[in-house]
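For reference, the structure is listed below as structure tokens.
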Amino acid sequence: MKYNEYKQLDYAGLAEEVRAYWKENRIFEKSVETRAGQPTFVFYEGPPSANGAPGIHHVMARAVKDIFCRYKTLQGFQVQRKGGWDTHGLPIELQVEKELGITKEDIGKTISVEEYNARCRETVMRFKDQWDDLTERMGYWVDLNNPYITFENEYIESNWALLKKLYDKGYLYKGYTIQPFSPAAGTGLSSHELNQPGTYRNVKDTSIVAQFKIIHNQKSTFLFEGDMENYFLAWTTTPWTLPANTALAVGKNIKYVQVQTYNPYLFTPITVILAKDLLGKYFSPKAAELDVDDYKAGDKLIPFKVIGEFTGEELAGIQYEQLMPYVQPDPEKPAFRVIIGDFVTTEDGTGIVHISPTFGADDFRVAAQNNIPPLLVTDENGKPSPLVNRQGRFVKEVTDFAGMPVKNYDGLDENAADYKSTDVLIAIKLKEEGKAFKVEKYEHSYPHCWRTDKPVLYYPLDSWFIKTTAVKARLIELNKTINWKPESTGSGRFGNWLENLVDWNLSRSRYWGTPLPIWRTEEGDEEICIGSVKELDREIERAIAAGVMTENPLRKAAGASTKPTAPQEDESLLDKAEDLVKSLVGADDENAQFQLPDFDYKGFDLHRPYVDNIVLVSKSGKPMRRELDLIDVWFDSGAMPYAQWHYPFENKDIFNANFPADFIAEGVDQTRGWFFTLHALAVMLEDSVAFKNVIANGLVLDKNGNKMSKRLGNAIDPFETIGRFGPDATRWYMIVNAPPWDNLKFNLDGVTEIQRRFFGTLQNTYSFFALYANLDGFTLGGEEIPVAQRTESDRWIISRLNTLVKEVAGFYDDYDPTKAARAIQEFVADELSNWYVRLNRKRFWKGEVNQDKTAAYQTLYTCLETVAKLASPIAPFYMDRLFLDLNRVSGRSKSESIHLELFPQVQQDLIDTDLEQRMQLAQNVSSLVHSLRKKHTIKVRQPLSRILVPILDEKMKTQLQGVEDLILSEVNVKNLEYLEDTTGILVKKIKPNFKRLGQVFGPKLKLVAAQIQQMGQEDIAKMEREGFFEIALGEDETTVLSREDVEIMSEDIPGWLVASEGALTVALDVNITEELKQEGIARELVNRLQNLRKDSGLEVQDKIRVILQEGNAEVAAAVQSFGQYISEEVQALELNLVPTIAEADATVLDMDGFTLPVRIEVAR
RNA sequence: GGGCUUGUAGCUCAGGUGGUUAGAGCGCUACACUGAUAAUGUAGAGGUCCGUGGUUCGAGUCCACGCAGGCCCA
């Protein structure tokens, strides 16, 4: 049997063949099955959404996942990889709306929720085929046949079970927060929506510095002197929030001043309080000269005088008059006071911040902390509501502005001469009342609704929350046990996020997602959280009994309200189910007694609108309706460790064996997404981490470092790339180029380079092996020659190989695939191909198979096979082919694929560091000799007599002796001489050892260094001889330097050609004797004849006869002396000199200075 | 605006705990080699180590402040 030889390798085609082979032989399945019973390595697949086409960045992310799953499989672990699909959420809704040309307002009007959701369900898997195709083509091994899908009833039911568990622990509550809200669209906006391009725009708004009149009482009396109009100045860019003001915030340690001055619009004398740092913003330095008492109404320059200074702390608690008294707050609570706010700065404004708890997130928080009430009115439904309604208009209680939109929601022309925004009207009113200190246009960035283009308001909205803050300390503690790659993402981005944790806002006002399983009475005084379909069924039956519902949708669709009780196996299932329900909802008697039907999960739908139609009955007999919210889709993905197995309803064992994950990987943008929700749920539900190791990978940018986007046309099509370069080069490039957590600048030229440089070199090496192994009929079937009996270079490459195995395993274990790939690549290119193979070429093609030749084959085979294994996690297709090509002939392994093999074990005893050093020395010496030859244009084919190496110590000598032959043959020199006593022969150079001397002499180092550099040859020799040297240090101080304080290097050997690198120096004798010259000509002749053989199309193994024309004395002499050598090299059976060769038969060789007619013929 | 992160040759990247001449590969130029040959070897050109200050005898490396790109969050 022969090794496969390839004329020209088509990497993409090869991958397709291997893919077909894997499929046909179920290699992936076997890679899991054959590890049954072995320790497991748990991997979680972060579910992608299939509603868009996959991009090149997905190849990157999935390559990272795949690499470690394959690596762990090679190490003998069983690695199950369940695929999954993220199917809920806003992007899908948006896509459907776009396709149908509708907006959210149409839902329930022009399209039913039912139709809408049906459409979402269909859309979400639209690109599944493309995804599956890419997954296979790029070689990402994941189970696509049994994926978890987040919209399935079982998945939702698991979510409900988890929510119920959180509910029972008291972690689920209803509250309200200030959220971005679009009155024009009538909906709250997610941060995702707010991050759409173009939402933040620079707009010019009317800003007001308002005057809040201080109430003179005991608390504030220190601010008053006689009869004064005393005000706080507070700045706002949203004047429409002023009617809702209930507090002012100051910075605790900020310095404030009281200033005597005049109102710039009414010219009345006042005093105002503002931050000292901001004084210059409102008062001109020119006015400081003026006397405050000289002011006349209407003067441009308003004088001022600082009459007091206080800290924020001193101002806290002072009361002021309500600025715009339309609505009164809860009289029980202390409104209109100064409070301390940690967010107050003196960056802009006045250092005093106006607080309206209903219209700002900070305001809301700080008000709650200080028991400051919001301003609320009662709406037409009798519910409390803020002063601005959901249409963005003032409620009727704000009489002057009732019905007016707080932003331009009527689409009026803002450039019209008579246009006055509500903010402007408020400003005018405050000016007239003497409550405005400054009004001006202010340009700032303000968010707009991406759909309606109208400004967003921060507005109080009802929400359900998960009280993650309750377990904050534990979240932080457990996070410290997670191995983050890179570490900074865990401690920095993720760690900080945990430190500043707020409760998880779970609510989404949407249609396509997991419904919140909470039913409430209208008054909200009774509620139930449903934790399973069976529990829901029970409650429905109860509701039917109470007459609140007429039929049970869970049973109706299944076609039978009570399925006939099935025989035994169902019985046990039933028991099991009941146990589970008990464990979930608590084992109350009622539950235990309830007859549970066996459900057909395909027979109903837990989505809206179906669940919304279910009305349950409360303990006191009142109807309960579902809270209309859906839950955050991030809950879906964070719940995947449980819900992917329909846990806790099924697969308890599987879940237990697969929690937590050993490894996950996803984009760094998931830090607050999937990484967080996984972590939060695991800590709250299981008091555990969800994953032990995580790679947060960076982005894939275009070659110029710009974000890829379809719009810019710089997006790389993954199918095209893989189709052109094959998956292996694509993956290798992505991994080797930058660590996964750095952004990758993706350049197709880089992939080409990898293909040439790495795969090309490796393939060349294999081809070389295959070519000669086939010629020799070598199959590797025989006995392994003990490594100790192989040549120096064999033992060297095997030593390097084992070092490589050790390194690569270490890098993989450290989740650093880039370093692994770089180490492998360097080994293949520099050591295996450019050194080992180059030096040993002759052993492969010369002579008959003997022990030396066999050793060479075996060594190279081992290298190729081991490299294939090391690299197989990253380049799975090519390496499998390489492995199979080798193994098919050698039969060394019974595995059908490299991916069923075990990772190579380091053979520590084969690592010989001395030998590795030795070879390094050989490479360095050779490199220096080559460079000398080059400098003096002496061809490598011209043999030279000797090189001279000054040796530094005994070790170096032994080391060099070990590689002497190798060096000599590599550089074509006859002898290597060692120079031991170098005094007088070598010109030396001395250099201070800065690291050592710096520590001793510190500031005097410069002095010492100068002295050392002035040392002459005599001084250096003295130092070497005696081991120390005395130098002057300043006036009359001296110091003694030891040998370790300096580095001494040889620089030159007079009369020789010398080159040096570091401490290594090489001298070359370039005298060419007559004999050397003859040998040089012999070699030239060999070279020309070899070329001639090749040009004549002879096969490698053909034997020839050579006829040379007489006439050149040098040639004659060379043939005389080196005839046998020449014949051997060119495989000539005869080598003859003849007087003349007929011109027609002759080839004239150009011998660099003369010509030589020659004829060769095949000897058969 | 805040957090994290990146910035070293034309390009892609290395440069433990500070040590004086900052490296590699690719690309470019020149030469060599020619039984691995769409390979290979040798040499050369190419650097304000993003900027500015600071610490230090000494800073690509440590500190501060900036600038530019990226991500996340406001």
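Chain letters run A, B, ... following the sequence lines, proteins first, then strands; residues in each count from 1. All values below were derived from every heavy atom in this structure, side-chain atoms included, with hydrogens, water molecules and symmetry-related copies excluded.
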Contact nearer the 5' end of RNA chain B, comparing A:Q1131 with A:Q670 = A:Q1131
P atoms of B:C63 and B:U55, separation to the nearest Å | 16 Å
Under 6.0 Å between the ring centres of A:Y458 and A:F181?
-> no
Describe the nucleic acid contact of A:T671 in one word from base, sugar-phosphate, nothing, applying a heavy-atom distance below 4.0 Å.
-> nothing
Ignoring hydrogens and angles, are the base of B:A39 and the side chain of A:T761 linked by a donor-acceptor pair under 3.5 Å?
-> no
How close or far is atom P of B:A24 from atom CZ of A:R757, stated in whole angstroms?
-> 13 Å
Salt-bridge test for A:E826 and A:R822: reply yes if a basic N is under 4.0 Å from a carboxylate O, no otherwise.
-> no
Ignoring backbone atoms, test whether A:R841 places a side-chain nitrogen or oxygen under 4.0 Å from the OP1 or OP2 oxygen of B:A36.
-> yes
Would you sort out whether A:F746 and A:Y733 count as a ring pair (Phe, Tyr, Trp, His ring centres under 6.0 Å), showing the intermediate values?
-> CA-CA 9 Å; A:F746 193 93; A:Y733 165 73; 5.3 Å; yes
Under a 3.5 Å limit for both distances, which nucleotide forms a Watson-Crick or G-U wobble pair with B:A43, could you say?
-> B:U29
Length of the CG-P vector between A:L748 and B:C26, whole Å | 20 Å
Nearest-angstrom distance from the residue atom CG of A:L744 to C1' of B:U12 | 10 Å
Distance, C1' atom - from B:C50 to B:G60, rounded to whole angstrom | 12 Å
Nucleotide nearest A:N764 when distance is taken to its side chain, options B:U6, B:U37, B:U40 = B:U37
Closest listed nucleotide, where the reference is the side chain of A:L699 and the choices are B:A36, B:C72, B:C71 = B:C71
Whole Å only: how far is the CD atom of A:E831 from the P atom of B:G41?
-> 14 Å
Pair A:R672-A:F494, side chain to side chain contact (heavy atoms under 4.5 Å, CB included): steps then yes or no | CA-CA 7 Å; A:R672 291 170 186 198; A:F494 194 69; 5.8 Å; no
With heavy atoms under 4.0 Å as the rule, sort A:G998 into base, sugar-phosphate or nothing.
-> base
Say you pick atom C1' in B:A64 and the same atom in B:A59; how far apart are they, in whole Å?
-> 15 Å
When rounded to whole Å, the NZ to P distance for the pair A:K819 and B:G15 reads 6 Å
Do the side chain of A:R493 and the base of B:C71 come within less than 3.5 angstrom through a donor-acceptor pair of N or O atoms?
-> yes
Hey, does A:R838 reach any base, or is it just sugar-phosphate, or nothing, if we go heavy atoms under 4.0 Å?
-> base
Taking atom P in both B:A32 and B:A22, compute the distance separating them and give it to the nearest angstrom.
-> 31 Å
Kindly point out which of B:C71, B:G3, B:U12 is positioned nearest to the side chain of A:N496?
-> B:G3
Would you tell me if any nitrogen or oxygen in the side chain of A:N993 comes within less than 4.0 Å of OP1 or OP2 on B:G19?
-> no
Does the pair A:Y861 and A:Y857 meet the rule for a ring pair (Phe, Tyr, Trp, His ring centres under 6.0 Å), with working shown?
-> CA-CA 6 Å; A:Y861 184 99; A:Y857 279 128; over 10 Å; no
Euclidean distance, atom CD of residue A:E753 to atom P of B:C13 [Å, nearest integer] = 12 Å
Taking only Lys NZ, Arg NE, NH1 and NH2, and the carboxylate oxygens of Asp or Glu, determine whether A:K485 and A:D814 approach each other closer than 4.0 Å.
-> yes
Would A:E499 and A:K472 pass as an ion pair if we require N to O under 4.0 Å?
-> no
What integer distance in Å separates A:Q763:CD from B:A38:P?
-> 14 Å
For B:G46 and B:G23, measure between their P atoms and round to the nearest Å.
-> 14 Å
Mind calculating the distance between CG (A:L860) and P (B:A36) to the nearest angstrom?
-> 13 Å
RNA chain B: A:K995 or A:L771, which has the more 5' nearest nucleotide?
-> A:K995
With sugar-phosphate meaning primed atoms plus P, OP1 and OP2, does A:S491 contact a base, only sugar-phosphate, or nothing at under 4.0 Å between heavy atoms?
-> nothing
Atom P, compared across B:U17 and B:G1: separation rounded to whole Å = 33 Å
Under a 3.5 Å cut-off for both distances, is B:G19 Watson-Crick or wobble paired, and to whom?
-> B:C57
Check: A:W835 ring centroid to A:F827 ring centroid under 6.0 Å = no
Does A:R756 put a side-chain nitrogen or oxygen below 4.0 Å from OP1 or OP2 of B:G27?
-> yes
Who pairs with B:C71 - Watson-Crick or G-U, where each distance is under 3.5 Å | B:G3
In whole Å, what separates the C1' atom of B:C49 from that of B:G15?
-> 10 Å
Taking atom P in both B:G47 and B:U37, compute the distance separating them and give it to the nearest angstrom.
-> 38 Å
Considering every strand shown, what is the Watson-Crick or G-U wobble mate of B:A24 when both distances are under 3.5 Å?
-> B:U12
Go ahead and name the base partner of B:C65; Watson-Crick or wobble counts if both distances stay under 3.5 Å, otherwise write none.
-> B:G51
Checking all strands, does A:A1009 fall into the base, sugar-phosphate, or nothing category for heavy-atom contacts under 4.0 angstrom?
-> nothing
